[in-house]
**Q** 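Below is one structure. I have some questions about it.
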Amino acid sequence: MEACFLTCRSSFTNSIDLILPSSLKPKKFSTQRLFLPSNITCCQLGGLSSDNHRPSVRGDWREVRAKLVAAQRLSIPELNLSSPNADPDTATDQPPRIVLGEKWAHTIHHPEKGCLLIATHKLDGVHIFERTVILLLSTGPMGPSGIILNRPSLMSIKEMRSASTIDVSGTFSDRPLLFGGPLEETLFLLSPGGGDNAVEGSGVFDPVMKGLYYGTKESVGCAAEMVKRNAVGVGDFRFFDGYCGWEKEQLDEEIRLGYWTMAACSSSVVGTAATVGCVRLWEEVMFLMGPRKVW
């Protein structure tokens with residue numbers, strides 16, 4: 001059922017035009033392609049995105065913020081200094097330690113690169129977006145863009161009509177292809193199992209968050225070369241057909257209307273084979289966010 005999205009874009013547009021709210025109809029989507037260079041080699045340095053809000057993959061600011069949110073959730077009361085057993089030095093110099101699990105997610109209030117858009121009940125019945133989890137790849141001046149993470153298909157790279165031009169070497173021919181959105185582009189996520197050094201050092205792939213990068217069909221050749229050099233593994237890649245894009249103010253309006261809730265998460269939530277492409281990702285993110293509903 002999901003595979004039809006990959007081969008019938010025109011019928012998709014005609015069918016959902018009848019049921020989508022006006023702010024979510026395809027004609028309102030940004031029609032520009034992602035701002036990417038047309039020729040990329042492994043020797044070329046520099047990121048792929050025009051996003052001026054790119055986070056450094058070296059920083060752990062998301063994790064620091066997550067710990068602050070976790071502490072707030074716990075509602076840790078201040079130590080009662082009137083108690084005869086209270087130690088003022090402990091109260092001021094040794095705050096309770098917050099340890100995050102391998103996977104975490106929490107609500108945020110403004111879209112940012114690397115955050116998740118979680119469909120609310122207002123998109124129930126809209127098949128393409130119902131219970132979707134979208135990873136924002138960019139929030140730059142051309143408008144936000146991202147990919148749907150939980151829409152698997154029955155196709156592989158070699159079954160794409162453009163497979164011979166996208167994966168010339170055939171390195172990724174057997175990798176499954178996921179549906180990323182209604183706008184045409186081939187993208188991939190890269191979660192290097194051996195660490196970030198080789199990927200970051202190449203300068204070819206755009207960082208989304210620590211431990212997670214993305215690239216386009218222009219950088220598949222470099223990705224294949226890195227696999228041959230054993231810098232990364234074939235299993236570190238997740239390929240997507242299509243992406244989602246919004247006009248600059250459109251996403252803010254959709255959030256205001258209650259179509260999406262935003263969440264920050266750890267890279268382990270979106271960077272592994274067990275989660276990317278999993279239809280139960282929506283439920284997993286909801287569980288990680290806690291008892292609060294997304295609407």
**Q** Hey, could you give me the CZ/SG distance between R62 and C265, rounded to the nearest 0.5 Å?
**A**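 Rounded to the nearest 0.5 Å, the CZ-SG separation comes to 8.0 Å.
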
**Q** Who pairs with R65 by salt bridge (Lys or Arg N to Asp or Glu O under 4.0 Å), at least two apart in sequence or on another chain?
**A**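 Checked R65 against salt bridge (Lys or Arg N to Asp or Glu O under 4.0 Å); matches are E112.
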
**Q** Taking all non-hydrogen atoms of both residues into account, name the closest pair between A198 and A231 and its distance.
**A**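 Nearest heavy atoms, A198 then A231: CB-CB, 4.0 Å.
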
**Q** Considering non-hydrogen atoms only, spot the tightest contact between S219 and G215 and give its length.
**A**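 Minimum heavy-atom contact is OG-CA, 3.5 Å.
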
**Q** Contact between D252 and W246 at the side-chain level, heavy atoms closer than 4.5 Å - yes or no?
**A**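 No, their side chains stay 4.5 Å or more apart.
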
**Q** Could you tell me whether the side chain of T120 and the main chain of G258 form a donor-acceptor pair under 3.5 Å?
**A**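 Flag set: sc T120 to bb G258 pair under 3.5 Å.
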
**Q** Taking all non-hydrogen atoms of both residues, which atom of L135 and which atom of G114 are closest, and how far apart?
**A**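 The answer is CD1-O, 3.6 Å.
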
**Q** With a 4.5 Å heavy-atom cut-off, do P207 and L212 have their side chains touching?
**A**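 Side chain of P207 against side chain of L212, heavy atoms only: no contact under 4.5 Å found.
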
**Q** Is D206 salt-bridged to K113, cutoff N-O under 4.0 Å?
**A**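 Salt bridge present between D206 and K113.
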
**Q** For a side-chain contact (heavy atoms from CB on, under 4.5 Å) with L116, tell me which candidate from V270, L281, I134 qualifies.
**A**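 By the side-chain contact (heavy atoms from CB on, under 4.5 Å) criterion, L116 pairs with just one of V270, L281, I134: V270.
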
**Q** Could you state whether L68 and W104 fall into the same hydrophobic cluster, counting links through intermediate Ile, Leu, Val, Met, Phe, Trp or Tyr residues with side-chain heavy atoms under 4.5 angstrom apart?
**A**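 Unlinked, L68 and W104 end up in two clusters.
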
**Q** Does the gap between the ring centers of Y214 and F205 come in under 6.0 Å?
**A**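 Ring centroids of Y214 and F205 are no less than 6.0 Å from each other.
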
**Q** According to side chain to side chain contact (heavy atoms under 4.5 Å, CB included), who are the partners of K67, at least two apart in sequence or on a separate chain?
**A**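 With sequence neighbours excluded, K67 shows a side chain to side chain contact (heavy atoms under 4.5 Å, CB included) to E63, I98, L100, given in chain and number order.
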
**Q** For E130, what residues pass the salt bridge (Lys or Arg N to Asp or Glu O under 4.0 Å) criterion, not counting sequence neighbours?
**A**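 Here no residue qualifies.
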
**Q** Of all residues at least two apart in sequence or in a different chain, which pass the side chain to side chain contact (heavy atoms under 4.5 Å, CB included) check with L288?
**A**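 L288 satisfies side chain to side chain contact (heavy atoms under 4.5 Å, CB included) with K103, A105, V269, E284 only.
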
**Q** List the steps, then state whether side chain to side chain contact (heavy atoms under 4.5 Å, CB included) holds for L137 with V208.
**A** CA-CA 6 Å; L137 301 177; V208 181; 3.9 Å; yes

**Q** Do you know which two heavy atoms are closest between D236 and P192, and how far apart they sit?
**A**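 What the structure gives for the nearest pair is OD2-CA, 3.9 Å.
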
**Q** So how far is it from N150 CG to E283 CD, rounded to the nearest 0.5 Å?
**A**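 One gets 8.5 Å once the value is rounded to the nearest 0.5 Å.
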
**Q** Could you pull out all residues at least two apart from D174 that satisfy side chain to side chain donor-acceptor pair (under 3.5 Å)?
**A**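 Result, side chain to side chain donor-acceptor pair (under 3.5 Å) vs D174: K158.
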
**Q** List the atom of L178, the atom of P152, and the distance in Å for their closest heavy-atom pair.
**A**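 That would be CD2-CA, 3.8 Å.
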
**Q** May I ask you to test the M209-W61 pair for a side-chain heavy-atom distance under 4.5 Å?
**A**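 With C-beta onward as the side chain, the pair stays apart.
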
**Q** Please identify each residue that fulfils side chain to side chain donor-acceptor pair (under 3.5 Å) with S173, with sequence neighbours left out.
**A**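 For S173, no residue satisfies side chain to side chain donor-acceptor pair (under 3.5 Å) once neighbours in sequence are set aside.
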
**Q** Less than 4.5 Å apart, side chain to side chain, heavy atoms only: is that true for S202 and M226?
**A**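 The answer is yes, as the side chains (C-beta and beyond) meet within the 4.5 Å cut-off.
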
**Q** If Ile, Leu, Val, Met, Phe, Trp and Tyr residues are connected whenever their side-chain heavy atoms lie under 4.5 Å apart, and connections chain through other members, are L136 and I128 in the same group?
**A**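 In one cluster with L136: I128, yes.
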
**Q** Between S156 and F239, is any pair of side-chain heavy atoms under 4.5 Å apart?
**A**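 The answer is no; the side chains never approach within 4.5 Å.
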
**Q** If I compare all heavy atoms of G181 with all of I148, which pair ends up nearest, and what's the gap?
**A**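 Distance-wise, the nearest heavy atoms are CA-CD1, 4.2 Å.
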
**Q** Begin from the C-alpha positions of V220 and F172 and carry the test side chain to side chain contact (heavy atoms under 4.5 Å, CB included) through to its verdict.
**A** CA-CA 9 Å; V220 171; F172 305 105; 4.0 Å; yes

**Q** Hydrophobic clusters here meaning ILVMFWY residues chained together by side-chain heavy-atom distances under 4.5 Å, can you tell me if F287 and V69 are in one?
**A**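 No, it is not one cluster - the side chains of F287 and V69 are not joined through contacts under 4.5 Å.
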
**Q** Going through the distances and angles, do H121 and L123 end up as a side chain to side chain contact (heavy atoms under 4.5 Å, CB included)?
**A** CA-CA 5 Å; H121 73 294; L123 291 176; over 6 Å; no

**Q** Let's go through V285 and I118 carefully: what are the C-alpha distance in whole Å and the side-chain angles of both, what is the deciding distance for side chain to side chain contact (heavy atoms under 4.5 Å, CB included) to 0.1 Å, and is it a yes or a no?
**A** CA-CA 9 Å; V285 174; I118 305 162; 3.5 Å; yes

**Q** Rounded to the nearest 0.5 Å, how far apart are CD of E249 and CD of E254?
**A**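 Taking CD in E249 and CD in E254, the distance rounds to 12.0 Å.
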
**Q** Looking at CG of L189 and OH of Y213, how far apart are the two atoms once the value is rounded to the nearest 0.5 Å?
**A**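 So the gap between those two atoms works out to 12.5 Å.
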
**Q** Check whether the ring centres of F179 and F240 lie less than 6.0 Å apart, and answer yes or no.
**A**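 Ring-ring flag for F179/F240: false, centres at least 6.0 Å apart.
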
**Q** Got a second to check how far I147's CD1 is from L183's CG, nearest 0.5 Å?
**A**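 Separation between the atoms: 13.0 Å.
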
**Q** Is any side-chain heavy atom of T261 closer than 4.5 Å to one of M289?
**A**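 Yes - at least one pair of side-chain heavy atoms lies under 4.5 Å apart.
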
**Q** State, yes or no, whether a side-chain contact exists between W260 and F129 at a heavy-atom distance under 4.5 Å.
**A**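 A side-chain contact under 4.5 Å exists here.
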
**Q** Is the backbone of K210 close enough, under 3.5 Å, to the side chain of S267 for a donor and an acceptor to pair up by distance?
**A**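 Side chain of S267 to backbone of K210, a donor-acceptor pair under 3.5 Å: yes, one is there.
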
**Q** Looking at OH of Y259 and CD of E253, how far apart are the two atoms once the value is rounded to the nearest 0.5 Å?
**A**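 Going from OH on Y259 over to CD on E253, the span is 9.0 Å.
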
**Q** Taking the side chain as every heavy atom from C-beta outward, state whether L251 and L117 have any atom pair closer than 4.5 Å.
**A**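 When only atoms from C-beta onward are counted, L117 and L251 do touch, with a gap below 4.5 Å.
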
